[in-house]
Visitor: 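Have a look at this one.
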Amino acid sequence: MIHEENGVFPAVCPLDCPDTCGLLLHKENGKIVKVAGNPDHPVTKGAICNKVRNMAERVYHPERLRYPLRRVGPKGEGVFERISWDEAITEITDRFKSLSEEYGSESILPYSFYGNMGVLSVDGMDRRFFNALGSSKLKQSICNSAGTAGWTSVMGFNGGTLPEETIHADMIIVWGANIVSTNMHQVILAEKARKNGAKVVVIDVHRNQTGQWADWFIPLHPGTDTALAVGLMHILFRDGLVNEAFMEQYTVGHEELSQHVQQYTPEYVSSITGIPAEQIEQLAEMYGRAEAAYIHIGNGLQHHDNGGMAVRSIACLPAITGHWLKTGGGASKSNGGYNSMNSDALERPDLRPNPEARTINMNRIGEALALTENPVKGLFVYCSNPLVVAPDTERVRTGFAREDLFTVVHELFMTDTAKYADIVLPATSSFENTDVFGSYWHQYIQLQEPVIAPIGESKSNVELFSLLGQAMGFNEAAFAESEEDMIARALDYPDNPYLNGVTLSGLKEHRHVKLDMSPYASYLDNLPTASGRIELYSASLEAAGLPPLPTYVPLKEGYDGVRRGRGHKYPLMFISPPNHNFLNSTFANVPKHQKLEKEPFLQIHPEDAAERKIEDGMWITVYNDRGTFEVRAKVTDKMLPGTVVSQGLWWEGEGRKQRANALTSDRLSDLGEGATFFSTVVEVKLKD
Ligand SMILES: Nc1nc2c(c(=O)[nH]1)N[C@H]1C(S)=C(S)[C@@H](COP(=O)(O)OP(=O)(O)OC[C@H]3O[C@@H](n4cnc5c(=O)[nH]c(N)nc54)[C@H](O)[C@@H]3O)O[C@H]1N2
Ligand SMILES: Nc1nc2c(c(=O)[nH]1)N[C@H]1C(S)=C(S)[C@@H](COP(=O)(O)OP(=O)(O)OC[C@H]3O[C@@H](n4cnc5c(=O)[nH]c(N)nc54)[C@H](O)[C@@H]3O)O[C@H]1N2
Ligand code: SF4
Ligand SMILES: [Mo]
């Protein structure tokens with residue numbers, strides 16, 4: 001493919017998006033001229049989003065990094081000189097060797113996330129390198145850790161209802177997810193269900209694109225989803241809308257749960273959530289009487305102090321009603337568990353000289369860079385842009401600005417983060433690589449082979465870390481392995497029966513191969529929880545000193561336990577979810593995508609705006625003790641009063657403070673040590 005000048009070639013969307021679409025790249029005269037959906041992909045069926053339709057503009061962006069750079073100006077200013085790869089590799093390995101000698105190998109920290117979802121890129125050769133180096137470990141908890149911990153406390157593993165089955169649901173609840181923007185093929189499937197009569201309910205703090213599409217949009221106060229879930233359980237038990245036989249056979253703790261939720265009367269829940277009691281009654285009745293209700297659990301509600309418990313509570317709903325038994329019924333938070341690959345063979349933890357090395361939580365990168373005892377002295381960032389995406393930007397920035405910190409950033413662009421690097425290395429785009437992709441939503445494994453040659457002198461993660469491994473003198477075989485050998489090893493994993501029959505040769509022939517979903521038929525009989533059943537009551541949470549039953553715990557920051565409001569220093573809840581045309585902070589530097597989003601802005605309720613004499617379109621300052629964010633106001637009643645929303649993770653603008661994370665806190669969630677981006681309180685004023 002790489003050597004053919006013209007043609008149409010299969011590819012995979014590499015972005016951190018549940019859909020993991022099959023793509024077709026159209027090449028003319030050696031260049032990709034069009035990115036389209038692959039109609040042969042059984043789930044994504046040729047439909048792709050606007051972001052990736054414009055992907056060629058990103059791949060051939062004039063500002064793509066083309067060769068290694070060394071910083072020559074102050075950190076953060078982005079002044080660099082060109083160096084050769086040999087110089088770069090020598091400088092990095094020399095520095096890492098001397099840091100290891102002087103401060104110990106744990107003074108070096110990798111910082112990465114899923115800027116490219118290719119397994120070899122982010123869970124492959126990179127891990128081998130940091131394992132062999134004996135660096136600190138990174139807890140990758142910025143996205144869905146809280147929800148994963150909440151979900152697995154009930155169901156035991158990261159898997160739920162299969163997407164294609166949801167067309168058979170007669171009620172679909174989209175809970176804290178903006179699927180019109182973030183999971184478009186789930187919308188297509190829900191539309192099919194809707195044609196057959198299903199109703200779509202959206203529960204969110206903000207009438208986002210998905211709320212506007214729904215049959216019924218239910219707004220609530222941020223961080224109060226647990227209260228709603230237990231309030232629904234109260235009514236379901238009270239009115240006999242539960243499935244006793246199902247609970248008896250498949251769950252533990254239903255009697256305790258039924259007692260426990262008696263305290264959550266509709267009136268009490270209404271006072272917490274802001275949802276009128278009649279609507280809570282109506283929703284419970286609709287859910288209890290549905291034939292096959294499906295709940296789609298998003299990221300929004302888990303990015304809170306109480307996010308783990310919120311997901312845990314919602315995960316109990318299909319278990320008390322038995323919706324699990326109906327095709328299309330049940331719930332899903334992530335389906336990543338079905339495609340887990342052989343991580344030991346890929347990541348080689350056996351190469352690590354110090355298995356007990358410390359772990360640093362990526363949400364706390366600012367704090368970690370400020371440690372004075374066992375300081376972090378070397379930092380290697382790839383597939384992530386922490387200066388934009390990590391909470392509490394100013395703290396992060398202060399850490400990255402440290403003169404004594406040696407920072408390497410491997411990137412496609414000079415991001416806000418790369419500007420703080422000592423060495424910047426150019427990365428290939430995934431269309432230039434060989435890699436294998438699972439999806440955390442559908443059940444197909446896909447293969448990517450290079451369609452174009454690397455741009456400039458850029459190198460893939462695999463090539464980079466194998467070069468570094470060899471230059472450090474690490475175990476030769478592990479760092480000399482080819483991509484195809486790595487893929488074959490990753491797929492050879494009898495511990496995961498769903499991976500049975502997925503092979504490299506099958507992938508080479510078909511590009512996408514379905515997991516063996518036969519074990520799914522006995523899904524409920526083989527749950528990997530301690531009891532083997534759905535745990536409405538969790539003895540392991542109890543042992544950890546946490547509530548064993550779904551329990552509403554208010555948000556921490558300045559929250560008065562019922563709702564925020566006047567008299568508080570920071571009376572507004574600030575929500576900063578993704579926007580439609582960026583993918584986290586990716587695309588925020590591409591003109592076409594910028595134009596589609598126009599500019600960052602803050603949505604504020606007319607009552608909150610009037611109180612502050614703010615009118616639509618005015619420049620405002622959003623602030624709290626951590627920082628400031630300067631944008632234009634958009635006055636709208638899409639939220640309840642007391643909540644303000646700014647979608648999209650923008651890079652710092654020319655002289656403009658437009659990074660939402662300047663305001664967010666690096667507190668960790670109740671379960672899973674996850675991020676709490678949305679449990680942020682602020683005040684808003686007219687810009688001086
Ligand atoms: N276009 C686009 N697609 C993306 C991304 C992107 O940046 N852009 N990012 C990708 C990634 S990494 C992820 S993790 C997913 C995330 O995608 P989703 O799972 O859709 O999650 P979010 O968009 O973070 O948040 C969804 C909604 O939760 C709401 N919300 C906030 N707090 C609460 C609350 O307390 N309760 C309730 N009920 N709702 C609340 C927000 O208002 C928001 O509308 O999307 C992926 N897809
Ligand atoms: N306020 C607020 N903050 C958030 C969120 C939110 O909703 N609100 N969402 C959070 C969530 S859910 C997530 S998942 C994180 C996402 O945060 P990140 O994972 O940092 O995501 P991106 O901003 O897309 O940055 C990925 C970077 O990887 C680079 N990249 C892509 N491919 C490769 C490659 O092959 N090699 C290398 N070396 N680099 C590559 C891209 O150019 C890009 O700059 O953000 C979190 N931050
Ligand atoms: S970002 Fe998501 S919807 Fe868009 S092409 Fe990629 S996988 Fe598909
Ligand atoms: Mo995410």
Side-chain angles (χ1 to χ4, degrees), residues 14-17 65 92 96 105-145 336 341 343 346-349 351-352 357-366 368-369 376 378-391 396 399-400 405-413 415-418 420-430 433 435-438 440 458-469 486 490 583-586 649 661 673-675:
L15 298 176
D16 185 354
C17 168
L65 298 170
I92 295 166
F96 280 4
S105 58
E106 285 179 58
S107 69
I108 302 163
L109 176 71
Y111 185 100
S112 70
F113 207 63
Y114 291 91
N116 171 353
M117 292 290 290
V119 174
L120 306 188
S121 295
V122 279
D123 293 322
M125 197 58 90
D126 55 323
R127 307 293 178 119
R128 290 183 184 183
F129 177 75
F130 292 108
N131 276 330
L133 183 65
S135 72
S136 284
K137 301 173 192 168
L138 185 75
K139 182 163 171 75
Q140 291 180 301
S141 48
I142 205 165
C143 178
N144 58 3
S145 293
M341 298 183 193
S343 58
L346 269 171
E347 303 180 7
R348 301 292 305 272
L351 297 177
R352 183 172 274 279
R358 69 174 166 187
T359 298
I360 286 175
N361 187 314
M362 71 187 298
N363 296 313
R364 285 280 174 78
I365 182 66
L369 294 179
V376 175
L379 183 64
F380 201 125
V381 182
Y382 60 102
C383 286
S384 184
N385 186 9
L387 260 288
V388 179
V389 307
V396 178
F400 272 78
L405 179 71
F406 174 65
T407 303
V408 182
V409 175
H410 184 224
E411 248 301 343
L412 285 88
F413 292 99
T415 57
D416 288 1
T417 306
Y420 285 84
D422 295 280
I423 302 281
V424 177
L425 303 170
T428 49
S429 78
S430 72
N433 301 343
D435 217 324
V436 64
F437 293 78
Y440 52 92
S458 61
K459 292 192 191 298
S460 71
N461 294 17
V462 174
E463 193 182 354
L464 166 65
F465 288 107
S466 89
L467 269 178
L468 283 170
M486 289 177 78
L583 199 295
N584 301 319
S585 79
T586 297
L649 297 175
N661 279 315
E673 299 176 46

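Everything numeric here is computed off the predicted structure, so don't read it as measured data.
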Visitor: Under the 3.5 angstrom rule, does the side chain of Glu106 hit a backbone N or O of Arg358 as a donor-acceptor pair?
Guide: yes

Visitor: Could you state the interatomic distance from CG (Leu369) to CZ (Arg364), rounded to the nearest 0.5 Å?
Guide: 13.0 Å

Visitor: Find out whether Leu138 and Phe113 are in side-chain contact, i.e. whether some heavy atom of one side chain is under 4.5 Å from a heavy atom of the other.
Guide: no

Visitor: If you define the side chain from C-beta out and look only at heavy atoms, does anything of Ile360 sit under 4.5 Å from Val376?
Guide: yes

Visitor: Considering non-hydrogen atoms only, spot the tightest contact between Leu405 and Gly378 and give its length.
Guide: CD1-N, 4.0 Å

Visitor: Got Asp435 and Ser430 here, is their nearest side-chain heavy-atom distance under 4.5 Å?
Guide: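 Side chain of Asp435 against side chain of Ser430, heavy atoms only: no contact under 4.5 Å found.
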
Visitor: Once you round to the nearest 0.5 Å, how far does CG of Asn131 lie from CD of Glu347?
Guide: 7.0 Å

Visitor: Let's go through Phe413 and Asn385 carefully: what are the C-alpha distance in whole Å and the side-chain angles of both, what is the deciding distance for side-chain contact (heavy atoms from CB on, under 4.5 Å) to 0.1 Å, and is it a yes or a no?
Guide: CA-CA 10 Å; Phe413 292 99; Asn385 186 9; over 6 Å; no

Visitor: Looking only at heavy atoms, which two atoms of Val462 and Ser121 are closest? And how far apart?
Guide: CG2-N, 4.4 Å

Visitor: Just by distance, do the side chain of Ser145 and the backbone of Glu673 share a donor-acceptor pair under 3.5 Å?
Guide: no

Visitor: Taking all atoms of both residues into account, what is the closest heavy-atom pair of Cys383 and Val122, and its distance?
Guide: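 Looking at all heavy atoms of both residues, the closest pair is SG-CG1, 3.6 Å.
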
Visitor: Would you check if Leu120 and Asn461 make a side-chain contact, meaning some heavy-atom pair closer than 4.5 Å?
Guide: no

Visitor: Under a 3.5 Å threshold, yes or no: a donor from one side chain and an acceptor from the other, between Asp126 and Tyr382?
Guide: yes

Visitor: Run the side-chain contact (heavy atoms from CB on, under 4.5 Å) test on Thr586 and Asp16 for me, step by step, so that the C-alpha distance in whole Å, both residues' side-chain angles and the decisive distance to 0.1 Å come before the verdict.
Guide: CA-CA 10 Å; Thr586 297; Asp16 185 354; over 6 Å; no

Visitor: OG/Ser105 to CZ/Arg352 distance, rounded to the nearest 0.5 angstrom?
Guide: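 Rounded to the nearest 0.5 Å, the OG-CZ separation comes to 7.5 Å.
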
Visitor: Once you measure the plane-to-plane angle for Phe406 and Phe96, does it fall in the parallel (<30°), tilted (30-60°) or perpendicular (>60°) bin?
Guide: perpendicular

Visitor: Let's go through Phe129 and Leu467 carefully: what are the C-alpha distance in whole Å and the side-chain angles of both, what is the deciding distance for side-chain contact (heavy atoms from CB on, under 4.5 Å) to 0.1 Å, and is it a yes or a no?
Guide: CA-CA 10 Å; Phe129 177 75; Leu467 269 178; over 6 Å; no

Visitor: To the nearest 0.5 Å, tell me how far His410 NE2 sits from Ser384 OG.
Guide: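 Atom-to-atom, His410:NE2 and Ser384:OG are 14.0 Å apart.
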
Visitor: Kindly give the heavy-atom pair with the smallest separation between Val424 and Ala418, and that separation in Å.
Guide: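 Distance-wise, the nearest heavy atoms are CG2-O, 3.6 Å.
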
Visitor: Could you tell me whether a side-chain N or O of Arg127 sits under 3.5 Å from a main-chain N or O of Arg348, the two making a donor and an acceptor?
Guide: no

Visitor: Counting C-beta onward and ignoring hydrogens, is there a side-chain heavy-atom pair between Leu468 and Leu133 closer than 4.5 Å?
Guide: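 No, too far: nothing below the 4.5 Å cut-off.
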
Visitor: Taking side chain as C-beta onward, heavy atoms only, is Leu387 less than 4.5 Å from Thr415?
Guide: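 Side chain of Leu387 against side chain of Thr415, heavy atoms only: no contact under 4.5 Å found.
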
Visitor: Show, in sequence, the C-alpha distance, side-chain angles and deciding distance for Leu412 and Ser429, and conclude whether the side-chain contact (heavy atoms from CB on, under 4.5 Å) test is met.
Guide: CA-CA 7 Å; Leu412 285 88; Ser429 78; 3.9 Å; yes

Visitor: Could you check whether any side-chain heavy atom of Ser343 comes within less than 4.5 Å of a side-chain heavy atom of Asp123, counting everything from C-beta outward?
Guide: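 Ser343 vs Asp123: side chains apart.
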
Visitor: Testing the 3.5 Å rule here: is there a donor-acceptor pair between the side chains of Asn433 and Thr428?
Guide: yes

Visitor: Could you measure the distance from the OG atom of Ser112 to the CE atom of Met362? Nearest 0.5 Å is fine.
Guide: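 Nearest 0.5 Å value for the OG-CE distance: 6.5 Å.
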
Visitor: To the nearest 0.5 Å, what is the distance between CG on Leu109 and OG1 on Thr359?
Guide: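 So the CG of Leu109 and the OG1 of Thr359 are separated by 10.0 Å.
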
Visitor: Could you tell me if the side chain of Thr417 sits less than 4.5 Å from the side chain of Thr407, heavy atoms only?
Guide: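 Counting from C-beta outward, Thr407 and Thr417 never come under 4.5 Å.
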
Visitor: Can you name the nearest heavy-atom pair linking Gly674 to Asn363, along with the distance?
Guide: C-ND2, 3.4 Å

Visitor: Indicate yes or no for a side-chain donor-acceptor contact from Asn661 to the backbone of Val388 under 3.5 Å, with no hydrogens or angles considered.
Guide: yes

Visitor: State which residues pass salt bridge (Lys or Arg N to Asp or Glu O under 4.0 Å) with Asp416; sequence neighbours excluded, sorted by chain then number.
Guide: Arg659

Visitor: Check whether the ring centres of Phe380 and Phe465 lie less than 6.0 Å apart, and answer yes or no.
Guide: yes

